[in-house]
Amino acid sequence: MLHDERQAYDAWRAVPENAAALAELQAIWDTLSPAAAEAVPVPVTRATDHRRQLAAVVGFMVLMVAVLPRIDNGWLNALDWWSR
């Protein structure tokens with residue numbers, strides 16, 4: 001916070017209505033913050049969580065690369081640029 005912003009905030013907070021509203025908001029926040037921390041567990045994500053899915057996708061891709069070029073009279077033959 002810049003010095004000018006801090007002075008403006010202090011001037012705003014010096015008004016009794018604003019100080020009361022800020023205190024009420026802080027009381028509400030203090031009441032809700034422990035409940036919010038307990039209510040929503042933060043899931044732990046790791047890079048290894050998707051290892052099985054990645055292995056399945058890699059296996060599928062290897063299978064497709066190995067099988068599709070060997071299919072005769074299929075749609076892939078029209079896309080076979082290497083044999084031309």
Side-chain angles (χ1 to χ4, degrees):
M1 182 180 290
L2 297 175
H3 183 67
D4 296 337
E5 292 173 342
R6 182 64 186 190
Q7 286 179 340
Y9 172 73
D10 289 339
W12 176 83
R13 194 167 178 194
V15 177
E17 295 90 22
N18 294 340
L22 188 60
E24 183 180 355
L25 184 63
Q26 185 64 38
I28 292 170
W29 184 259
D30 291 340
T31 302
L32 293 177
S33 61
E38 294 173 5
V40 181
V42 177
V44 177
T45 57
R46 297 184 186 101
T48 59
D49 287 346
H50 301 290
R51 186 177 290 162
R52 294 180 72 190
Q53 290 87 352
L54 181 62
V57 169
V58 169
F60 177 77
M61 295 302 290
V62 167
L63 183 65
M64 290 301 104
V65 167
V67 171
L68 284 179
R70 288 163 176 73
I71 296 175
D72 292 331
N73 298 327
W75 61 270
L76 188 67
N77 289 341
L79 301 175
D80 190 12
W81 295 296
W82 292 280
S83 65
R84 293 182 187 182

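- Residues M61 and M64 fall within the same hydrophobic cluster, defined by Ile, Leu, Val, Met, Phe, Trp and Tyr side chains chained together at heavy-atom separations under 4.5 Å.
- F60 and V57 fall within the same hydrophobic cluster, where Ile, Leu, Val, Met, Phe, Trp and Tyr residues are linked whenever their side-chain heavy atoms come under 4.5 Å apart, directly or through other members.
- With rounding to the nearest 0.5 angstrom, the OG1 atom of T31 is 9.5 Å from the CD atom of Q26.
- The two atoms that bring L22 and Y9 nearest to each other are CD2-OH, 3.3 Å, heavy atoms only.
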